[in-house]
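Scroll down for the structure; my scribbles are underneath it.
Sequence lines set the chain letters: A, B, ... in the order given, protein chains first and strands last, and positions in each chain run from 1.
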Number of protein chains: 2
Amino acid sequence: MPAAIIPKEAVLDRLAAAFRQHGYDGASISRLSEATGLGKASLYHYFRNGKQEMAEAVFAHVGGNFQELVIVPLTRTGDPTRRLRAAARGLDEFYGRGDWSCILDLFGIGSARQIFQPQLRSVVTGFESVLSDLAQEAGVDRITARRRAEDVVVAIQGALVVARATGERKAFTRVLKELPNRLLGID
Amino acid sequence: MPAAIIPKEAVLDRLAAAFRQHGYDGASISRLSEATGLGKASLYHYFRNGKQEMAEAVFAHVGGNFQELVIVPLTRTGDPTRRLRAAARGLDEFYGRGDWSCILDLFGIGSARQIFQPQLRSVVTGFESVLSDLAQEAGVDRITARRRAEDVVVAIQGALVVARATGERKAFTRVLKELPNRLLGID
DNA sequence: GCTACATTGTACCGAACGTTCTAACCGGAA
DNA sequence: TTCCGGTTAGAACGTTCGGTACAATGTAGC
């Protein structure tokens with residue numbers, strides 16, 4: 001069998017980039033074909049159910065990256081502040097230093113919403129509970145920990161929106177730098 | 001001459017609702033026609049340049065609402081905390097109690113981005129500077145005021161994204177309630 | 001070299017896209 | 001009452017949409 005011209009990993013990365021740039025509804029099959037360098041036939045060969053399956057694969061792939069870059073560092077053992085700094089570095093990479101939109105934002109809009117809303121919800125609550133657990137481990141009481149975890153997720157998402165609107169990533173960079181203080185610091 | 005079946009105000013409100021629900025690329029002319037109750041001919045009669053002009057009109061209209069509901073209360077005279085609470089009520093209404101997406105988010109995605117990015121930027125900087133001025137008026141030093149103003153904008157945008165993802169508006173409601181503390185409160 | 005099969009380019013489908021057009025409608029000025 | 005012109009519905013334009021069909025390609029295993 002002829003080997004794939006390009007590894008599936010790379011295909012998913014390029015699909016993700018296209019979805020991030022155009023959103024779900026704006027990412028047409030032709031654009032996805034251009035972005036990957038694969039013809040329509042190849043795309044439909046790999047993703048029998050078309051655009052929706054591409055988006056689902058991207059969602060899973062990106063979720064894996066997030067797990068690896070952010071969740072894993074957070075759930076290690078060791079000093080909570082160091083773990084948060086590692087997660088901040090992971091987030092910086094995961095979001096292309098603030099240049100990339102979050103799938104959580106994009107897939108909550110338009111026709112993607114019908115497909116992904118339940119999964120979006122569980123990603124948010126999952127991330128929040130990992131953050132909250134870390135804060136409690138560092139001695140923060142449960143109520144405060146949950147509130148701060150929510151604040152951190154809100155701040156990350158908001159910073160990405162603001163970065164995209166202004167064309168500057170300074171808000172995003174600052175949120176990441178302040179991440180340990182935002183979760184563990186004084187009220 | 002026959003009067004318009006529906007006032008232009010109402011048309012813009014319905015167009016805005018449709019854009020908010022589907023995003024720019026997802027809001028097709030047929031959907032915009034359904035949403036307004038106007039046929040394609042009427043839509044193109046009022047907006048000669050089609051979808052782009054509709055979006056521009058919506059942007060201006062929504063911008064006017066924002067000015068009226070949020071900026072005006074912030075730039076009145078009187079106690080800064082009271083003004084912030086009034087602005088919070090305005091934001092609550094402006095964002096449909098947290099159920100509506102922000103144009104700042106939606107129009108930063110896909111083909112709308114090319115059209116609106118400069119205007120998005122100036123909306124953000126404008127809102128931030130009004131907030132920052134208010135904080136300074138309340139005695140906050142300039143550096144801190146600017147940082148907190150940015151934080152507030154980030155928090156509002158992030159809360160809307162999280163609310164859409166989770167289907168709950170509690171994050172948004174909390175951000176609004178904490179708004180005076182977030183801008184004026186202790187570090 | 002032959003076969004089997006994963007992969008690909010190309011042509012094509014019906015539907016929907018944004019837009020244009022025409023013809024009808026209808027209230028007010030003449 | 002006639003007619004003007006703002007307003008309307010809806011058909012039709014060419015293009016692109018998401019998706020399918022199929023024949024050609026080329027390599028791995030025999």
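Rounded to whole angstrom, the span from the OH atom of B/Y24 across to the C1' atom of C/dC17 amounts to 13 Å. One can place CZ of B/R48 at 11 Å from P of D/dT7, the figure rounded to the nearest angstrom. Rounded to a whole Å, the CD1 atom of A/I6 is 14 Å from the C1' atom of C/dT7. Following rounding to the nearest Å, B/F19 (CZ) and C/dG18 (C1') show an atom-to-atom distance of 12 Å. Put simply, OH on B/Y46 is 6 Å from C1' on D/dT7, counting in whole angstrom units. Whole-Å rounding puts the B/E53 CD to C/dG18 C1' distance at 14 Å. Note: CG (B/L32) to C1' (C/dT19) measures 13 Å, nearest angstrom. Taking atom CG on B/L43 and atom P on D/dT8, their separation rounds to 9 Å, with Å as the unit.
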Scan nucleotides 15-17 of chain D against the protein and return all N/O pairs shorter than 3.5 Å with their distances rounded to 0.1 Å.
unit_1 : atom_1 : unit_2 : atom_2 : d
D/dC17 : OP1    : A/S28  : OG     : 3.0
D/dC17 : OP2    : A/S30  : OG     : 2.7

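Heavy-atom nearest nucleotides on DNA chain D were determined for A/Y44 and for B/S42, and the one closer to the 5' end corresponds to B/S42.
Geometrically, A/K51 engages A/Y24 in a cation-pi contact defined by less than 6.0 Å to the ring centre and at most 45° from the axis. Under a cutoff of 6.0 Å and an axis angle of 45°, B/K40 and B/Y46 do not form a cation-pi pair.
Heavy atoms only, all atoms of each residue included: A/R182 and A/A155 are closest at NH1-CB, 3.7 Å.
Crowding of B/R31 atom CZ: a count of heavy atoms from other residues, nucleotides or ligands under 6.0 Å exceeding 12.
In this structure, B/R164 contributes its side chain and A/I109 its backbone to no donor-acceptor pair below 3.5 Å.
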Check against side-chain contact (heavy atoms from CB on, under 4.5 Å), B/V161 and B/F172 | CA-CA 9 Å; B/V161 171; B/F172 177 72; over 6 Å; no
